[in-house]
*Asks:* 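Pasting a structure here, questions to come.
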Amino acid sequence: MPAAGTSTKSDERRRAIMAAAVDCFAQKGFYGTTTHEIAEWVGISQPYLYRLYPNKEALFAAAVDHVSVVMTETLLAHSPASGGAGLAPEAALDAARGAYAALVADRSILRFLMHANCAVGEPLVAQAVRRCYAKQVDTVRQLLGDDDAVRRWFGAGMLDNVVAVLGLADIDEPWARVLTAR
């Protein structure tokens with residue numbers, strides 16, 4: 001028999017809470033989202049949510065950690081070769097960007113990450129965001145091979161984020177075409 005709090009139902013509930021937290025925080029950010037909204041979204045009581053996470057900051061930090069794992073797994077799963085072996089640097093960068101694009105096709109993750117960067121004034125959130133960046137730097141270095149490639153990845157990724165969140169692919173204006181490279 002599994003230990004208390006480790007049952008399959010408990011695991012499913014925690015996954016549902018993380019999904020709801022990411023979606024809710026993506027919509028209104030850390031400061032605009034209530035734990036009541038998240039609990040209601042999942043269909044649990046707010047006191048039960050607080051049994052799992054002592055406060056909203058801890059829940060948000062856990063959501064950042066969750067998204068970090070999802071990002072890492074997505075990048076590794078979609079990369080043609082771990083460590084960049086056999087790929088030219090630009091091809092490895094393009095493959096990694098394609099994997100990231102697949103991840104943020106669900107705009108909730110992208111918006112959540114943007115809100116996470118904005119909430120670093122909260123100590124637990126700042127620690128979680130730093131852990132997330134550290135993990136992504138390690139993962140991208142593993143995929144692309146060197147620090148210059150990691151910096152290019154993050155620079156290109158920030159531009160990709162702006163293009164995606166603003167929907168620039170659908171805007172036929174000269175400035176939008178410059179940013180989307182079309």
Side-chain angles (χ1 to χ4, degrees), residues 5-6 10-33 35 37-39 41-42 49 52-84 92-165:
T6 61
S10 176
D11 292 342
E12 289 172 9
R13 176 114 347 120
R14 285 181 185 273
R15 281 192 295 274
I17 290 168
M18 278 300 105
V22 170
D23 286 343
C24 288
F25 287 130
Q27 290 178 22
K28 299 192 319 189
F30 176 78
Y31 300 103
T33 302
T35 55
E37 291 169 309
I38 295 167
W41 188 303
V42 180
L49 183 65
L52 300 174
Y53 303 95
N55 54 45
K56 182 168 75 168
E57 188 179 359
L59 174 59
F60 193 93
V64 171
D65 290 336
H66 166 75
V67 168
S68 182
V69 168
V70 170
M71 289 172 63
T72 299
E73 289 173 351
T74 300
L75 288 172
L76 293 175
H78 287 87
S79 68
S82 188
L93 179 61
D94 288 344
R97 284 180 75 188
Y100 181 73
L103 175 70
V104 297
D106 171 2
R107 295 295 182 251
S108 290
I109 289 179
L110 177 57
R111 288 187 188 111
F112 173 80
L113 290 168
M114 290 182 156
H115 281 296
N117 286 324
C118 294
V120 295
E122 306 300 324
L124 286 178
V125 174
Q127 291 170 10
V129 170
R130 288 183 192 115
R131 278 192 307 273
C132 181
Y133 273 101
K135 180 63 177 165
Q136 300 322 305
V137 166
D138 288 345
T139 301
V140 172
R141 184 182 294 124
Q142 176 185 344
L143 295 173
L144 302 182
D146 67 54
D147 291 350
D148 285 336
V150 171
R151 283 188 289 277
R152 284 194 314 276
W153 155 265
F154 275 93
M158 294 299 174
L159 176 59
D160 291 345
N161 290 348
V162 169
V163 167
V165 81

*Asks:* Any idea which heavy atoms bring A16 and V42 closest together, and the distance?
*Replies:*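 The answer is O-CG2, 3.6 Å.
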
*Asks:* Could you please spell out the steps behind the salt bridge (Lys or Arg N to Asp or Glu O under 4.0 Å) verdict for K135 and D138?
*Replies:* CA-CA 5 Å; K135 180 63 177 165; D138 288 345; 6.0 Å; no

*Asks:* Not counting sequence neighbours, which residues clear ring pair (Phe, Tyr, Trp, His ring centres under 6.0 Å) with F112? List them please.
*Replies:*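 Residues passing ring pair (Phe, Tyr, Trp, His ring centres under 6.0 Å) with F112: F60.
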
*Asks:* Could you work out, with side chain to side chain donor-acceptor pair (under 3.5 Å) as the rule, every residue matching T72, not counting sequence neighbours?
*Replies:*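 Checked T72 against side chain to side chain donor-acceptor pair (under 3.5 Å); matches are Q136.
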
*Asks:* Quick one: closest heavy-atom pair of T74 and A99, and the distance?
*Replies:*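 What the structure gives for the nearest pair is CG2-O, 3.7 Å.
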
*Asks:* Working to the nearest 0.5 Å, report the span between CG of N117 and CG of N161.
*Replies:* 9.0 Å

*Asks:* Is there side-chain contact between H115 and Y31, with at least one heavy-atom pair below 4.5 Å?
*Replies:* no

*Asks:* When rounded to the nearest 0.5 angstrom, what is the spacing between CE in M71 and NE2 in H66?
*Replies:*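 The NE2 atom of H66 is 12.0 Å from CE of M71, to the nearest 0.5 Å.
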
*Asks:* Which pair of non-hydrogen atoms, one from A164 and one from L110, has the smallest distance, and what is that distance?
*Replies:* CB-CD2, 3.6 Å

*Asks:* How long is the span from the OG1 atom in T35 to the CD atom in E57, to the nearest 0.5 Å?
*Replies:*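 If we round to the nearest 0.5 Å, T35:OG1 and E57:CD are 13.0 Å apart.
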
*Asks:* Got a second to check how far L49's CG is from L59's CG, nearest 0.5 Å?
*Replies:*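 These two atoms lie 5.5 Å from each other.
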
*Asks:* Mind listing the closest non-hydrogen atom pair of S108 and A26 along with its distance?
*Replies:*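 Minimum heavy-atom contact is O-CB, 3.2 Å.
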
*Asks:* Quick one, E12 and R15 - any side-chain contact, counting heavy atoms below 4.5 Å?
*Replies:* yes

*Asks:* How many angstroms lie between OH in Y100 and CD1 in I109, if you round to the nearest 0.5 Å?
*Replies:*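 Here the rounded value is 9.0 Å.
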
*Asks:* Looking only at non-hydrogen atoms, find the nearest pair between A116 and V125 and report the distance.
*Replies:*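 Closest approach of A116 to V125: O-CG1, 4.0 Å.
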
*Asks:* Can you tell if the side chain of V163 reaches within under 4.5 Å of the side chain of M158, non-hydrogen atoms only?
*Replies:*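 A side-chain contact is absent here, since even the closest heavy-atom pair is not under 4.5 Å.
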
*Asks:* Within the structure provided, determine whether I38 and Y53 are in side-chain contact (heavy-atom separation under 4.5 Å).
*Replies:*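 No, every pair of side-chain atoms sits at 4.5 Å or beyond.
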
*Asks:* Is there a side-chain contact between L76 and Q142, using heavy atoms and a 4.5 Å cut-off?
*Replies:* yes

*Asks:* Would V165 and R111 count as a side chain to side chain contact (heavy atoms under 4.5 Å, CB included) here? Give the steps.
*Replies:* CA-CA 7 Å; V165 81; R111 288 187 188 111; 4.3 Å; yes

*Asks:* Using side-chain heavy atoms (C-beta onward) and a distance below 4.5 Å, is R141 in contact with D147?
*Replies:* yes

*Asks:* Can you check whether V137 reaches W153 side chain to side chain, under 4.5 Å on heavy atoms?
*Replies:*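 Sidechains of W153 and V137: no contact.
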
*Asks:* Whether R14 and D11 form a salt bridge (side-chain N of Lys/Arg under 4.0 Å from carboxylate O of Asp/Glu) is what I want to check.
*Replies:*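 Judged by the 4.0 Å cut-off on N to carboxylate O distance, D11 and R14 do not form a salt bridge.
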
*Asks:* For a quick test of reading the model, state the closest non-hydrogen atom pair linking V22 to A63 and the distance between them.
*Replies:* CG2-CB, 4.3 Å

*Asks:* Is there side-chain contact between K28 and E37, with at least one heavy-atom pair below 4.5 Å?
*Replies:*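 SC-SC contact between K28 and E37 confirmed.
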
*Asks:* Just wondering, are more than 12 heavy atoms of other shown residues or ligands nearer than 6.0 Å to CZ in R130?
*Replies:*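 No, the 6.0 Å shell around CZ holds no more than 12 heavy atoms from other groups.
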
